[in-house]
Asks: 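Just passing along the structure, written as structure tokens.
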Amino acid sequence: MSIELETANPDQSLEVEAPLLVVENLFKRYGKGCERCLELTGPDLETNLCRNCGALIACADVNFEIYPGEVLGVVGESGSGKTTVLRCLYKDIEPTSGKAFLQAFNNGQTDIFQTNSQQARYLQDFLMGMVRQNPAMGLRLHITAGGNIAERLLAADWRTVSEIRERSSGLLDRMEVPIKRMDDFPAFFSGGMQQRVQIAKALANQPVLILLDEMTTGLDVSVQAGVIDLVKEVQRESGVAIIVVSHDLGVIRLLSERTLVMKNGRIVESGLTDQIMEDPQHAYTQLLVSSTNY
């Protein structure tokens with residue numbers, strides 16, 4: 001979808017691409033909460049735990065857009081709320097309030113946070129893919145690598161065995177997982193190879209949006225580099241939009257064009273990744289940049 005804007009010359013128009021995803025005022029609270037929760041939490045107070053009622057504010061006032069083919073980074077320390085944002089978008093958890101509109105779902109007219117269970121399954125099976133920090137959460141470790149991908153294809157109404165197997169083997173080969181290991185269990189794969197299988201599974205149904213949650217955490221530096229390079233290649237080839245979450249600004253720098261910086265459940269800075277790296281404005285971002293090795 002594109003929007004035409006009028007220009008000075010009435011015979012010309014400028015097309016502006018519509019966002020793929022728009023998130024408005026995303027708020028997730030654990031606990032009953034009170035009217036002072038937002039006042040008593042946040043980066044300035046260095047806490048996301050309300051001292052008045054004990055509620056945990058996982059994220060609040062989260063607003064952003066991502067465009068087709070864009071890679072958006074979300075960086076922050078543990079507990080900053082970045083993974084909560086992904087889990088809300090993927091319908092793992094329900095937000096306390098807020099809205100999100102995905103252009104590929106009902107032409108962006110329906111708030112995906114208000115979808116029923118059947119619609120949520122459609123979003124997960126057809127339109128989005130998720131790569132989790134812990135492969136045990138994203139894979140069935142005692143089902144074959146090919147079987148994990150086949151499971152996702154079956155959920156998206158693939159029914160021909162030969163086509164499913166061909167698609168699975170093609171994805172594993174693209175992810176540099178040896179085809180001869182297609183019928184092996186991921187439980188016996190290295191961490192890096194498990195993540196490659198997760199990425200293959202996430203890509204199976206050609207989603208419009210992929211969510212990457214700390215995909216390199218716990219991997220050796222050399223393995224991290226290989227996984228990051230692979231994601232960059234796949235993104236260039238497929239044009240899929242990606243939201244990548246990490247506590248490591250170095251990873252974000254290598255992958256993303258724009259970046260959101262989160263602390264204590266709030267976005268404290270946002271902008272082009274290069275600009276944030278060269279001229280960080282918030283004190284927390286300055287600390288992240290100064291501690292990052294390039």
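Along the sequence shown, the residues carry numbers beginning at 1. Owing to the predicted nature of the structure, the values given are computational and were not obtained by experimental measurement.
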Asks: Check step by step if side-chain contact (heavy atoms from CB on, under 4.5 Å) holds for Asn205 and Phe126.
Replies: CA-CA 6 Å; Asn205 297 328; Phe126 288 86; 5.7 Å; no
Asks: Please state whether the rings of His142 and Phe188 are parallel, tilted or perpendicular, taking 30° and 60° as the class boundaries.
Replies: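 Taking Phe188 first and then His142, their aromatic rings stand perpendicular (interplane angle over 60°).
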Asks: Over 60° means perpendicular and under 30° means parallel, so classify the ring planes of Tyr284 and His282, tilted if in between.
Replies: perpendicular
Asks: Do the non-hydrogen side-chain atoms of Asn264 and Glu46 ever get within less than 4.5 Å of each other?
Replies: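 Yes, close enough: below the 4.5 Å cut-off.
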Asks: Look at the side chain of Asn48 and the backbone N and O of Ala58, then say whether any donor-acceptor pair between them is shorter than 3.5 Å.
Replies: no
Asks: Test the Lys99-Phe101 pair against the cation-pi criterion, namely NZ or CZ under 6.0 angstrom from the six-membered ring centroid and within 45° of the ring axis.
Replies: no
Asks: Can you measure from SG (Cys53) to NZ (Lys32) and round to the nearest 0.5 angstrom?
Replies: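 These two atoms lie 9.5 Å from each other.
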Asks: Could you give the distance from OG1 (Thr115) to NZ (Lys91), rounded to the nearest 0.5 Å?
Replies: 3.0 Å
Asks: Between Leu203 and Leu171, is any pair of side-chain heavy atoms under 4.5 Å apart?
Replies: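 Leu203 reaches Leu171 side chain to side chain.
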Asks: Check this for me: Glu233, atom CD, are more than 12 non-hydrogen atoms of other residues, nucleotides or ligands nearer than 6.0 Å?
Replies: yes
Asks: Taking atom CD as the centre, does Glu237 end up with more than 12 heavy-atom neighbours from other residues, nucleotides or ligands that are less than 6.0 angstrom away?
Replies: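 Yes, the 6.0 Å shell around CD holds more than 12 heavy atoms from other groups.
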Asks: Please step through side-chain contact (heavy atoms from CB on, under 4.5 Å) for the pair Ile143 and Phe185, ending with a clear verdict.
Replies: CA-CA 6 Å; Ile143 292 179; Phe185 298 135; 5.6 Å; no
Asks: Do the charged groups of Arg159 and Asp157 touch, with an N to O distance under 4.0 Å?
Replies: yes
Asks: Is there a side-chain contact between Asn63 and Leu26 (heavy atoms, below 4.5 Å)?
Replies: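 No; the side chains remain at least 4.5 Å from each other.
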Asks: If Ile, Leu, Val, Met, Phe, Trp and Tyr residues are connected whenever their side-chain heavy atoms lie under 4.5 Å apart, and connections chain through other members, are Leu260 and Leu20 in the same group?
Replies: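 Same hydrophobic cluster.
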Asks: With a sphere of 6.0 Å drawn around CZ of Arg165, does it hold more than 12 non-hydrogen atoms of other residues, nucleotides or ligands?
Replies: no
Asks: With distance as the sole test, does Gln194 use its side chain to make a donor-acceptor pair with the main-chain N or O of Pro135 at under 3.5 Å?
Replies: no
Asks: With the 4.5 Å side-chain cut-off for hydrophobic clustering, are Leu21 and Ile210 part of the same group?
Replies: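 Hydrophobic grouping puts Leu21 apart from Ile210.
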Asks: Does the side chain of Leu209 come within less than 4.5 Å of Ile242's, by heavy atoms?
Replies: no
Asks: Compare all side-chain heavy atoms of Leu154 with those of Glu151 and state whether any distance is below 4.5 angstrom.
Replies: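 A side-chain contact is absent here, since even the closest heavy-atom pair is not under 4.5 Å.
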Asks: Locate the shortest heavy-atom distance separating Thr285 from Glu269; write the atom from each residue and the value.
Replies: OG1-OE1, 2.8 Å
Asks: Please assess Met262 against Val74 for the test side-chain contact (heavy atoms from CB on, under 4.5 Å), listing each intermediate value before the final yes or no.
Replies: CA-CA 7 Å; Met262 294 191 68; Val74 185; 3.8 Å; yes
Asks: Can you name the one residue among Glu65, Gln275, Glu70 that meets side-chain hydrogen bond (donor to acceptor under 3.5 Å, both in side chains) with Arg258?
Replies: Glu70
Asks: Answer yes or no: is there an ion pair linking Arg36 with Glu39, defined by an N-O contact shorter than 4.0 Å?
Replies: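 Counted as a salt bridge, because a side-chain N and a carboxylate O are separated by less than 4.0 Å.
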Asks: How far does CE of Met137 sit from CD of Gln198, to the nearest 0.5 angstrom?
Replies: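 The CD atom of Gln198 is 10.0 Å from CE of Met137, to the nearest 0.5 Å.
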Asks: Would you mind reporting whether Val244 and Leu211 have side-chain heavy atoms less than 4.5 Å apart?
Replies: no
Asks: Looking only at heavy atoms, which two atoms of Leu172 and Ala145 are closest? And how far apart?
Replies: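 For Leu172 and Ala145, the tightest heavy-atom pair comes out as CD1-CB, 4.2 Å.
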Asks: Of Val223, Val251, Val231, which meets side chain to side chain contact (heavy atoms under 4.5 Å, CB included) against Thr216?
Replies: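 Exactly one pass, corresponding to Val251.
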Asks: According to a hydrophobic-cluster definition based on side-chain heavy atoms being under 4.5 Å apart (Ile, Leu, Val, Met, Phe, Trp, Tyr only), do Phe64 and Tyr90 belong together?
Replies: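 Same hydrophobic cluster.
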Asks: With respect to Glu214, which candidate in Gln133, Arg132, His247 satisfies the side-chain hydrogen bond (donor to acceptor under 3.5 Å, both in side chains) definition?
Replies: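 With Glu214 as partner, side-chain hydrogen bond (donor to acceptor under 3.5 Å, both in side chains) holds for just one option, His247.
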Asks: State whether a side-chain donor-acceptor pair under 3.5 Å links Thr41 with Arg266.
Replies: yes
Asks: Taking side chain as C-beta onward, heavy atoms only, is Leu249 less than 4.5 Å from Val289?
Replies: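 They are in contact (side-chain heavy atoms under 4.5 Å apart), so the answer is yes.
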Asks: Give the minimum heavy-atom separation between Ser270 and Ile276, together with the two atoms involved.
Replies: C-CD1, 3.9 Å
Asks: Can you name the nearest heavy-atom pair linking Leu72 to Thr259, along with the distance?
Replies: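 Residues Leu72 and Thr259, closest heavy atoms: CD1-N, 4.2 Å.
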Asks: Check whether any side-chain heavy atom of Leu230 sits under 4.5 Å from a side-chain heavy atom of Arg196, and report yes or no.
Replies: yes
